[in-house]
Amino acid sequence: MTAFLITAALLVAGAVLFVVPALVRGRARPAESRDVVNTAVYRDQLRELESDLRSGTLAADQVDKARGEIEARLIDDVSAERLGEHIVPQTPARSRTSAIAFGIAVPLCALAVYLGVGNPRALDPQPGGGTDHGVTQQQLQSLIERLAARMKDNPEDAEGWVMLARSYAVLGRYLESADAYARAAARIPDDAQLLADYADALAMAQGRRLHGEPEKIVARALAADPNNIKALALAGTAAFDRKNYAEAVRHWERIRGLVPPASQFADSLQASIAEARELGSMRPAAGKAQTPAAGPTQTPVAAPARVSGTATLAPALAGKVAPTDTVFIFARAAEGPRIPLAVLRKQARDLPVSFVLDDSMAMSPQMKLSGQTRIVVGARVSKTANATPQAGDIQGLSAPVKVGASGVAVTIDTEVR
């Protein structure tokens, strides 16, 4: 902020030094040239307003109001000249007095205007309140609401609907995101990437479940482009959830031929393919009997790691929760990193809810339930649908349990401060 004040002071001083000497000299200008000067000055002011609007310094309604005032002053000034008003040369004494008054008034007026329509607090660092690029959550929500209002007046703008859908997804408002994607897809029906994003948002809105309409949308995306990576990934996930591991492997194997083999995504994909193959080998092929391996030391294939139980909301806090609030149910290592090993998304209206967490819900192939011995299961109610705990959320944690435990009870009873 100190640098800003120094810069502002230098600019004001420069403006005063540029204008005051001319006032002291008291030189008159021809009446007919004053229209040109006024017009140029007001045009510069209008350009500055447009610049402030683009940079976000002033809101649109403030710019409109200021533009109206500038245009009104311009009309008054130019009209007065054309009605025969003339500049009367000032005496040197009056010129010096006016120059001194002007030199004092300019910085005071500039300060008053900035305090009135500017945002001095924006010059100070925002500890913890904003994002890395300087836009706070509240500012982002305001921008999105303005975009939503604009789309009501321009419903045929398909790109606008896509932008709005992606913005809602960033905020975790997946139901609204899916609705915006639906409007965009109605106007661009054969865009595979758009359809894949639509299916993803709709699946998130219904608790990360691709069954039903999301899977149908994925099929439309693959019909438009059989090599769309996101659509293939979602199709594989949907097949995996149906326990059709062979179909899951088929979709994911297709992706492997489309991505760089040494990429992190390729490594993650290979881990998912290996898991689907392992699970698929547990089921005999249709029409064939399962032939056990010879020998008395046959080792059965282990079931996938999982934990199950029930999450409930403490009655004392029921009044602070709305039915549409998001509920995150998760498992993390009892000792070590607090990164979730598996996450399930529900709504508060589902409470109390029975849950099952397993490796298919892992956020990273390297961090799974199967890689742990003891875990903690938690549940958190979020009004913002933010995956990161926020002040005002309500949460609860279980005691440490072993992977594979069932009947784990989690009571949501503590407010996040």
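For reference, positions follow the sequence shown, starting with 1.
- Shown here are the side chain to side chain contact (heavy atoms under 4.5 Å, CB included) partners of Glu156, two or more places apart in sequence or in another chain: Arg187.
- Ionic pairing of Lys368 and Asp359 is not present here: no N-O contact between side-chain nitrogen and carboxylate oxygen is shorter than 4.0 angstrom.
- Pairing each heavy atom of Phe330 with each of Pro340, the nearest pair is CB-CB, 4.4 Å.
- Of the possible polar contacts, none joining the Ser177 side chain to the Arg173 backbone as a donor-acceptor pair under 3.5 Å is found.
- What you find for Gly172 and Ala385 is that their closest heavy atoms are O-CB, 3.7 Å.
- Sparse packing is recorded around CE of Met163, with 12 or fewer heavy atoms of other residues, nucleotides or ligands lying under 6.0 Å away.
- Across Arg332 and Leu341, no two heavy atoms sit closer than the pair C-CD1, 3.8 Å.
- Inter-residue side-chain proximity for Thr373 and Val403 is flagged as unmet; no heavy-atom pair is nearer than 4.5 Å.
- Legend: residues meeting side chain to side chain contact (heavy atoms under 4.5 Å, CB included) with Asn244, ordered by chain and number and at least two apart, are Ala239, Arg242, Ala246, Glu247.
- At least one side-chain heavy atom of Val327 sits less than 4.5 Å from a side-chain heavy atom of Ile329.
- Residues Tyr168 and Tyr174 keep their aromatic ring centres 6.0 Å or farther apart.
- Under the 4.5 Å side-chain criterion, counting only non-hydrogen atoms from C-beta, Pro226 is not in contact with Leu222.
- Contact of the Leu357 side chain with the Arg306 side chain is not registered, since no non-hydrogen atoms from C-beta on lie closer than 4.5 Å.
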- Query: Going through the checks in order, is the side chain to side chain contact (heavy atoms under 4.5 Å, CB included) test met by Arg417 and Glu415?
  - Reply: CA-CA 6 Å; Arg417 302 292 184 184; Glu415 290 192 63; 4.1 Å; yes
Does Ile412 form a side chain to side chain contact (heavy atoms under 4.5 Å, CB included) with Leu351? I'd like the steps, not just the answer. CA-CA 10 Å; Ile412 305 172; Leu351 295 170; 4.2 Å; yes
Could you go through the side chain to side chain donor-acceptor pair (under 3.5 Å) check for Thr411 and Asp413 one step at a time?
CA-CA 6 Å; Thr411 302; Asp413 58 2; 5.5 Å; no
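- We find the CG-CG distance between Leu175 and Leu202 to be 8.0 Å, quoted to the nearest 0.5 Å.
- With a 4.5 Å cut-off on side-chain heavy atoms, Val410 and Thr312 do not count as touching.
- Partners of Arg345 according to the salt bridge (charged side-chain N to carboxylate O under 4.0 Å, His left out) rule, which considers only residues two or more places apart in sequence or in another chain, do not exist here.
- Among the candidates Asp191, Asp197, Asp225, the single residue satisfying the salt bridge (Lys or Arg N to Asp or Glu O under 4.0 Å) test with Lys230 is Asp197.
- Put simply, CD on Glu145 and CG on Leu164 are 8.5 Å apart, with the number rounded to the nearest 0.5 Å.
- With contacts defined as side-chain heavy-atom distances shorter than 4.5 Å, the pair Phe240/Tyr245 qualifies.
- Annotation: the span from Leu195 atom CG to Asp200 atom CG amounts to 12.5 Å, rounded to 0.5 Å.
- Across every non-hydrogen atom of Phe355 and Val377, the tightest pair is CZ-CG1, 3.7 Å.
- To the nearest 0.5 Å, atoms CG (Leu234) and CG (Asn228) are separated by 8.5 Å.
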- Task: Show your working on salt bridge (charged side-chain N to carboxylate O under 4.0 Å, His left out) between Arg380 and Asp393 and close with a plain yes or no.
- Result: CA-CA 7 Å; Arg380 179 170 57 86; Asp393 289 356; 2.6 Å; yes
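- Taking the side chain as every heavy atom from C-beta outward, Gln206 and Pro214 approach each other to under 4.5 Å.
- Taking each heavy atom of Val218 and Ala231 in turn, the nearest pair found is CG1-O, 3.4 Å.
- Counting only heavy atoms from C-beta outward, the side chains of Val321 and Ile394 approach each other to under 4.5 Å.
- Using a distance-only test at 3.5 Å, with no hydrogens or angles considered, no donor-acceptor pair links the side chain of Gln372 to the main chain of Ile375.
- The backbone N or O of Ser272 sits nowhere less than 3.5 Å from a side-chain atom of Trp252 that would complete a donor-acceptor pair.
- Between the side chain of Asp157 and the main chain of Gly160, a donor-acceptor pair closer than 3.5 Å is present.
- Between Glu253 and Arg277 there is a salt bridge, since at least one side-chain N of the basic residue sits less than 4.0 Å from a carboxylate O of the acidic one.
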Practice task
I would like to know whether Asn227 and Arg254 meet side chain to side chain contact (heavy atoms under 4.5 Å, CB included); could you show each step before the answer?
Solution key: CA-CA 8 Å; Asn227 290 327; Arg254 190 178 184 91; 3.0 Å; yes
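- Atom NZ of Lys320 sits about 10.0 Å away from atom NZ of Lys383, to the nearest 0.5 Å.
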Can you list the steps and then say if Gln347 with Asp325 is a side chain to side chain donor-acceptor pair (under 3.5 Å)?
CA-CA 6 Å; Gln347 286 190 314; Asp325 289 348; over 6 Å; no
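- The shortest heavy-atom contact between Ala196 and Ala221 is N-CB, 4.1 Å.
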*side chain to side chain contact (heavy atoms under 4.5 Å, CB included) between Thr310 and Val353, intermediate numbers included*: CA-CA 6 Å; Thr310 305; Val353 60; over 6 Å; no
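- Look at Arg150 and Glu159 and you find no salt bridge, because none of the NZ, NE, NH1 or NH2 atoms lies under 4.0 Å from a carboxylate O.
- A distance of 15.5 Å separates CD of Gln193 from OH of Tyr198, quoted to the nearest 0.5 Å.
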